[in-house]
Amino acid sequence: MKLYNTLTHKIEEFVPMQQGKVGMYSCGPTVYSHPHIGNFRSFLVADLLKRFFEFKGFQVTHIMNITDVGHLVDDADEGADKLEEAAKKQKKDPMEIAQFYTDSFMQASKLLNIKPANKYPKATEHINEMIEIIKKLIDKGYAYVVDNNVYYNVEKFADYGKLSGNTLEELNAGARIEVNQEKTNPQDFALWKHDPKHLQQWDSPWGKGFPGWHIECSAMSSKYLGAEFDIHTGGEDNIFPHHECEIAQSEAASGKKFVHYWLHTRFLMFDGEKMSKSKGNLYTIQELVEKGFRKNAIRYSLISSHYRQNYNFTFDGLKAAQQAIDKIQQCVLRLEDLRKNAKAGEIRPELKDLSSNCLKDFDESLSDDLNISKALGVCFDFIREANKAENMNSTEAAALLDTINKIDSVLGVLEAGESEVPVNIIELAEKRKAAKLAKDWKTADAMRAQITSLGWTVEDTPGGGYRLKRAGEAG
RNA sequence: GGCGGCGUAGCCAAGUGGCCCAAGGCGAUGGUUUGCAAAACCAUUAUCCGUGGGUUCGAAUCCCACCGCCGCCUCCA
């Protein structure tokens with residue numbers, strides 16, 4: 001398994017800390033608004049990676065945080081807090097807002113068939129853990145207190161900048177930072193903030209206040225995965241400052257290497273443009289579903305291109321994704337028919353090879369820094385060969401189905417189970433079948449037209465049978 | 001100003017020195033099949049990989065220049 005490590009700027013062989021096990025932390029949502037498709041691309045990359053590790057037989061412990069403490073809107077630690085802004089606007093308690101959007105996030109995750117993390121720790125439930133780390137950082141001389149605020153002194157951490165490449169000199173040269181007189185260095189970041197206007201307040205050794213942004217991930221990752229763990233994922237924007245600061249805090253506090261492999265997902269574009277509120281192209285999963293796009297097509301579309309590539313999300317792309325999934329699903333339906341209705345027998349060697357080669361190539365493709373395009377190519381080559389195979393017995397069909405299911409354990413795009421067909425649709429299909437037997441094509445076509453008008457599709461199968469599908473849905 | 005990425009067919013996209021007259025998906029066209037369809041299968045759809053140079057026996061792949069697009073740089077995944 002090879003992965004591109006942002007820390008080393010290289011593709012590296014993945015070596016887990018414990019054989020057969022992977023500890024993985026993903027930066028989750030900040031719950032002051034509905035997460036959009038861009039957020040979910042990043043979450044889906046984590047899901048794909050996790051599923052692939054499981055495909056390879058690893059036992060994965062996956063932690064995804066829920067940030068329910070708002071962060072400052074402006075730069076330089078000043079300005080309004082997003083969660084609080086939302087709370088004030090909607091005249092609600094910050095925790096109500098957080099819960100509402102957490103629910104929205106969970107619902108969308110489920111729609112996208114994202115495997116739940118082992119734990120979704122909330123920042124507000126780990127204030128004590130954060131305080132403990134801050135204390136340790138003060139004791140070790142990495143942090144200092146000024147006027148009930150605690151700041152991290154970046155100069156004390158020699159490796160500051162090793163992830164992002166932003167050295168202190170360069171940051172000074174860039175000088176986009178407003179000078180805060182309290183800080184020793186302009187780049188020092190807040191570990192604990194004092195602000196009486198803030199709605200969310202907790203007691204601390206430095207008086208009432210609230211935690212800085214970065215500290216939550218240091219606190220929660222070490223609590224659930226240990227001070228040192230395998231993989232940390234997030235969006236590319238997290239590289240600096242968030243992950244840079246996490247490294248500084250965690251490594252200074254523990255004295256250990258924090259994360260072995262850093263994976264960052266590049267931003268999603270919408271129709272060639274950056275997504276933003278002003279452009280009105282921040283779609284949520286729920287909105288796309290309401291527009292009539294299938295949830296598995298949304299998933300397919302979002303995972304179908306390489307995670308280190310900007311992905312241009314378009315409605316045409318979504319339609320193409322739907323067609324692509326239909327192709328797989330269609331093959332599954334055919335194989336299921338054969339598995340149920342054909343006779344048992346031996347598996348021909350060429351079909352055995354087809355399956356094993358497919359799984360091997362699929363594995364190799366994704367093992368190459370999650371080369372999903374290549375993996376999908378392997379998958380479709382297999383589908384074509386499976387469709388071509390003639391006179392298949394039920395044993396063979398079952399074996400090929402098993403292969404597709406193994407692949408889909410990673411892709412997660414196939415619809416589970418068959419949809420319930422209403423009785424009236426079955427009646428029409430039966431009438432059509434009878435008419436066809438009588439060679440009464442006029443009646444048969446009329447029946448088909450009726451079925452179509454009711455939103456279903458009839459497909460004839462070999463041997464005079466038929467298959468019913470909901471229109472626009474293979475399966 | 002600093003850091004980084006990209007430019008391959010109508011669209012999406014893999015390939016990073018010979019296996020490439022370049023995978024796979026979507027779309028399109030023709031065919032097989034079908035009572036007609038649908039689905040499936042077959043064939044065609046890039047002799048060439050932003051442009052111009054260079055290195056090499058050999059380049060989409062390496063080097064240089066240019067053009068174009070995009071991201072990050074204090075809280076947006």
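We use all heavy atoms of the structure for the numbers below, so side chains are in, but hydrogens, waters and symmetry mates are not. Just so it is clear, the model here is predicted, and its values are computed rather than measured. Throughout, protein chains are lettered first and strands after them, A, B, ... in sequence-line order, and every chain is numbered starting at 1.
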>> What's A:L268 touching, base or sugar-phosphate or nothing? Going by heavy atoms closer than 4.0 Å.
In response: base
>> Under 4.0 Å from OP1 or OP2 of B:A40: is there any side-chain N or O of A:N387 that close?
In response: no
>> Quick check: on RNA chain B, is the nucleotide nearest A:G234 upstream (toward 5') of the one nearest A:V378, or the reverse? Name the residue that is more 5'.
In response: A:V378
Please output the side-chain donor-acceptor pairs of residues 373-392 of chain A that fall under 3.5 Å, not counting sequence neighbours, one pair per line with the distance.
| unit_1 | atom_1 | unit_2 | atom_2 | d |
| --- | --- | --- | --- | --- |
| A:D381 | OD1 | A:R384 | NH2 | 3.1 |
| A:N387 | ND2 | A:I383 | O | 3.4 |

>> Expressed as a whole number of angstroms, how long is the span from A:K162:NZ to B:C3:P?
In response: 20 Å
> Taking the side chain of A:A320 as its heavy atoms from C-beta onward, which of B:G24, B:C26, B:A77 lies nearest to it?
Replying inline: B:C26
> Would you say the ring centroid of A:H198 lies under 6.0 angstrom from that of A:F210?
Replying inline: yes
> A:F258 and A:Y25: aromatic ring centres closer than 6.0 Å?
Replying inline: no
>> Taking side chain to side chain contact (heavy atoms under 4.5 Å, CB included) as the definition, give me every residue that meets it alongside A:P241, ordered by chain and number, with sequence neighbours left out.
In response: A:H214, A:C245
> When you check the phosphate oxygens OP1 and OP2 of B:G27, does a side-chain N or O of A:Q323 lie under 4.0 Å from one of them?
Replying inline: yes
>> Applying the Watson-Crick and G-U wobble criteria at under 3.5 Å, what pairs with B:A13? Answer none if nothing qualifies.
In response: none
> Nearest-Å distance, CD (A:E246) to C1' (B:A77)?
Replying inline: 13 Å
>> Could you tell me how far B:G15 sits from B:U61 if I compare only their C1' atoms? Round to whole Å.
In response: 9 Å
Below 3.5 Å between N/O atoms, which protein atoms pair up with nucleotides 33-37 of chain B? Just atom names and distances, please.
| unit_1 | atom_1 | unit_2 | atom_2 | d |
| --- | --- | --- | --- | --- |
| B:G35 | N1 | A:D445 | OD1 | 2.9 |
| B:G35 | N2 | A:D445 | OD1 | 3.3 |
| B:G35 | N2 | A:D445 | OD2 | 2.6 |
| B:C36 | O2 | A:R448 | NH2 | 2.5 |
| B:C36 | N3 | A:R448 | NH1 | 2.9 |
| B:C36 | N3 | A:R448 | NH2 | 3.3 |
| B:C36 | N4 | A:D460 | OD2 | 3.4 |
| B:A37 | N6 | A:D460 | OD2 | 3.2 |
| B:A37 | N1 | A:D460 | N | 3.4 |
| B:A37 | N3 | A:R448 | NH1 | 3.0 |

> Which part of the nucleic acid, if any, lies within contact of A:H306, taking any heavy atom under 4.0 Å across all strands shown: a base, the sugar-phosphate backbone alone, or nothing?
Replying inline: sugar-phosphate
> How far, in whole Å, is B:U45 from B:C11 if one measures between their C1' atoms?
Replying inline: 13 Å
>> In this structure, how many angstroms lie between the P atom of B:A40 and the CZ atom of A:F380, rounded?
In response: 11 Å
>> So, using salt bridge (charged side-chain N to carboxylate O under 4.0 Å, His left out) as the criterion, who are the partners of A:R266 when residues are at least two apart?
In response: A:E236
>> Rounding to an integer number of angstrom, what distance separates B:U56 and B:A9 when you compare their P atoms?
In response: 30 Å
> Listed by chain and number, what are the salt bridge (charged side-chain N to carboxylate O under 4.0 Å, His left out) partners of A:E396, not counting sequence neighbours?
Replying inline: A:R348
> When you check the phosphate oxygens OP1 and OP2 of B:G15, does a side-chain N or O of A:N371 lie under 4.0 Å from one of them?
Replying inline: yes
>> Judged by each residue's nearest nucleotide on RNA chain B, which is more toward the 5′ side, A:K388 or A:A375?
In response: A:A375
> Between A:F315 (CZ) and B:C12 (C1'), how many Å, whole number?
Replying inline: 16 Å
>> If I take atom CD in residue A:Q309 and atom P in nucleotide B:G15, what distance separates them, rounded to the nearest angstrom?
In response: 9 Å
N/O donor-acceptor pairs under 3.5 Å from side chains in residues 359-366 of chain A, not counting sequence neighbours:
| unit_1 | atom_1 | unit_2 | atom_2 | d |
| --- | --- | --- | --- | --- |
| A:D363 | OD1 | A:K56 | NZ | 2.6 |
| A:D363 | OD1 | A:S367 | OG | 2.9 |
| A:S365 | OG | A:D361 | O | 2.7 |

> What orientation do A:F43 and A:F105 show, parallel under 30°, tilted 30 to 60°, or perpendicular over 60°?
Replying inline: perpendicular
>> Whether A:K319 contacts B:C26 is assessed here as follows: a side-chain N or O lying under 4.0 Å from the phosphate OP1 or OP2. Is that the case?
In response: no
> In whole Å, what separates the C1' atom of B:C41 from that of B:A60?
Replying inline: 32 Å
> With respect to the side chain of A:Y311, which nucleotide from B:C12, B:C75, B:C42 is positioned closest?
Replying inline: B:C12
>> Using OP1 and OP2 only, check whether a side-chain N or O of A:K327 sits under 4.0 Å from B:G24.
In response: no
> For atom C1', what is the distance between B:G53 and B:U47, given to the nearest Å?
Replying inline: 22 Å
> Over how many whole Å does the gap from A:R308 atom CZ to B:A13 atom P extend?
Replying inline: 15 Å
>> With rounding to the closest Å, how many angstrom separate the C1' atoms on B:U32 and B:G7?
In response: 40 Å
>> Which residues pass the side chain to side chain contact (heavy atoms under 4.5 Å, CB included) test with A:D445, not counting sequence neighbours?
In response: A:R448
>> Can you list everything that forms a side chain to side chain contact (heavy atoms under 4.5 Å, CB included) with A:H34? Sequence neighbours excluded, please.
In response: A:F100, A:Y101, A:S104, A:T284
> Could you state the CD1-P distance from A:I383 to B:G24, rounded to the nearest angstrom?
Replying inline: 14 Å
> Just how far, in rounded Å, is C1' of B:U74 from NE2 of A:H243?
Replying inline: 14 Å
> Rounding to the closest angstrom, what is the interatomic distance between B:G71 and B:G30 at atom P?
Replying inline: 41 Å
What are the atom names and distances for every N/O pair under 3.5 Å that joins the protein to nucleotides 70-72 of chain B?
| unit_1 | atom_1 | unit_2 | atom_2 | d |
| --- | --- | --- | --- | --- |
| B:G71 | O2' | A:E236 | OE1 | 2.8 |
| B:G71 | O2' | A:E236 | OE2 | 2.6 |
| B:C72 | OP1 | A:K274 | NZ | 2.4 |

> Is the A:F55 ring parallel, tilted or perpendicular to the A:F52 ring (thresholds 30°, 60°)?
Replying inline: parallel
